[in-house]
Trainee: 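My questions will all concern the structure given below.
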Amino acid sequence: MDQEALKKLCAEAALAFVEDDMMVGVGTGSTVNHFIAALAGRRSRIAGAVSSSEASAKRLREAGIPVLDLNGTGGCDVYVDGADEVTSQLAMIKGGGGALTREKIVAQASRKFVCIADASKLVAVLGRFPLPVEVIPMARSLVAREIVRLGGRPVLREGAVTDNGNAILDVHGLSIVDPVALESALNQLPGVVTNGLFARRPADVLLLGTAEGVRRIDRSPAGVTVPSQ
Ligand code: 5RP
């Protein structure tokens, strides 16, 4: 099975977490696009969707799924999103598609976070994938210098403007052994809007698309993961 087929497999498995009348948070990216296509078949049974990007909002509307402003909801029952890297503790690097800030907001506002990813995204240590950091444009150089001090090699994502009108620095050369600490440290830098580490609010469930089928990993409240099969 190719990577696209594995993405589709785990995306369709996420439908099992969508119940009638739920408010569904929807992430961004090629894996989520498969989820949106699958969710279209349930459009009349859900309360609606909250989108993490303009791109996903457009796809949702095209699929006939009502898109709501997060402020008008009491949060989401479930949030389904992909990842660029994910550990077995369900900490992630996200933001390859540039939607990290809204993704982190919707994730935080959701009662359950289901991460969907093909098997290539599972890693022992985060950091091979360059860590995206969304920055206020005037603080780009300041933040880049601070990141160098923290041991990273920031590269400006040329031409990228986020849905919030900001720039993205992709940080290379990190081996992130303590993702919670680095997530917090980066958030302290003036000019940083969000960074792509999702460790303080990790996923609750990972659905991994593998050649053998969908492998489910649940995060226990203590942070110990429990393979379900
Ligand atoms: C977008 C994201 C995506 O979830 C991440 O980049 C994975 O994308 P894909 O499903 O296309 O591999 O964080 O900002």
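Remember, it's 1-based here, ligands and their atoms both numbered in the order they're listed. In what follows, residues are counted from 1 in the order of the sequence shown.
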Trainee: Are any side-chain N or O atoms of N164 and backbone N or O atoms of N166, one a donor and one an acceptor, separated by less than 3.5 Å?
Mentor: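 Answer holds: no.
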Trainee: Can you name the atoms of ligand 1, numbered from 1 with element, that are less than 4.0 Å from a heavy atom of T28?
Mentor: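 Per the distance check, 1 (C), 2 (C), 3 (C), 4 (O).
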Trainee: Tell me if the CD atom of E4 is crowded by more than 12 foreign heavy atoms within 6.0 Å.
Mentor: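 Yes, enclosed.
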Trainee: Would R102 and S53 count as a side-chain contact (heavy atoms from CB on, under 4.5 Å) here? Give the steps.
Mentor: CA-CA 7 Å; R102 296 189 188 189; S53 65; 5.7 Å; no
Trainee: As an exercise, identify every atom of ligand 1 less than 4.0 angstrom from a heavy atom of D81.
Mentor: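 Here the atoms of ligand 1 in question are 4 (O).
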Trainee: For T87, is there any backbone N or O sitting under 3.5 Å from a side-chain donor or acceptor partner on K121?
Mentor: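 Here the side-chain-to-backbone pair does not exist.
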Trainee: Would you kindly confirm whether L126 and L122 end up in one hydrophobic cluster when ILVMFWY residues are joined by side chain heavy atoms under 4.5 Å apart?
Mentor: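 No, separate clusters.
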Trainee: Identify, for atom 12 (O) of ligand 1, the protein heavy atom at the shortest distance, and state residue, atom and that distance.
Mentor: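 Going atom by atom, the protein heavy atom closest to atom 12 (O) of ligand 1 ends up being K121 NZ, 2.7 Å.
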Trainee: Is the side chain of E134 donor-acceptor paired with the backbone N or O of T194 at a distance under 3.5 Å, no angle test?
Mentor: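 No.
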Trainee: For atom 9 (P) of ligand 1, which candidate among G97, C10, S30, G82 provides the closest heavy atom?
Mentor: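 Answer by nearest heavy atom: S30.
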Trainee: If you count the atoms of ligand 1 from 1 in the order shown, which ones are under 4.0 Å from a heavy atom of K94?
Mentor: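 Listed by number with element: 2 (C), 3 (C), 4 (O), 13 (O).
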Trainee: Among protein heavy atoms, which sits nearest to atom 6 (O) of ligand 1, and what does the distance come to when rounded to 0.1 Å?
Mentor: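 Protein heavy atom with the smallest distance to atom 6 (O) of ligand 1: D84 OD1, 2.6 Å.
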Trainee: Looking at A99, which atoms of ligand 1 are within less than 4.0 Å of one of its heavy atoms?
Mentor: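 It comes down to these atoms of ligand 1: 14 (O).
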Trainee: Does ligand 1 have a heavy atom under 4.0 Å from the side chain of A83, from its backbone, from both, or from neither?
Mentor: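 It is the backbone that gets close, since no side chain atom is under 4.0 Å.
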Trainee: Under 3.5 Å, side chain of S52 to main-chain N/O of E103, donor-acceptor pair present?
Mentor: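 Not at all, since once roles are kept as given, no pair shorter than 3.5 Å links the two residues.
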Trainee: Would you call E62 and K58 a salt bridge, taking side-chain N to carboxylate O under 4.0 Å as the test?
Mentor: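 Judged by the 4.0 Å cut-off on N to carboxylate O distance, E62 and K58 do form a salt bridge.
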Trainee: Starting from atom 2 (C) of ligand 1, find the nearest protein heavy-atom neighbour and note its residue, name and distance.
Mentor: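 For atom 2 (C) of ligand 1, the nearest protein heavy atom is E103 OE2, 3.3 Å.
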Trainee: Among protein heavy atoms, which sits nearest to atom 10 (O) of ligand 1, and what does the distance come to when rounded to 0.1 Å?
Mentor: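 Going by distance alone, atom 10 (O) of ligand 1 is nearest to T31 OG1, 2.6 Å.
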Trainee: Suppose I only count heavy atoms of G98 and a 4.0 Å limit; which atoms of ligand 1 are within that range?
Mentor: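 Counting from 1, the qualifying ligand atoms are 14 (O).
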Trainee: For G95, counting its heavy atoms only, list the atoms of ligand 1 lying under 4.0 Å from any of them.
Mentor: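 The atoms of ligand 1 under 4.0 Å from a heavy atom of G95 are 2 (C), 13 (O), 14 (O).
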Trainee: Less than 3.5 Å apart, which donor and acceptor atoms pair up between the side chains of residues 197-205 and the rest of the protein, not counting sequence neighbours?
Mentor:
from: R200; atom 1: NH1; to: S184; atom 2: OG; distance (Å): 3.0
from: R201; atom 1: NE; to: A107; atom 2: O; distance (Å): 3.1
from: R201; atom 1: NH1; to: D204; atom 2: OD1; distance (Å): 3.3
from: R201; atom 1: NH1; to: D204; atom 2: OD2; distance (Å): 3.1
from: R201; atom 1: NH2; to: S110; atom 2: O; distance (Å): 3.1
from: R201; atom 1: NH2; to: D204; atom 2: OD2; distance (Å): 3.2
from: D204; atom 1: OD1; to: R219; atom 2: NH2; distance (Å): 2.8
from: D204; atom 1: OD2; to: F113; atom 2: N; distance (Å): 2.8

Trainee: Do ligand 1 and V32 have nitrogen or oxygen atoms that lie under 3.5 Å from each other?
Mentor: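 There is no such contact.
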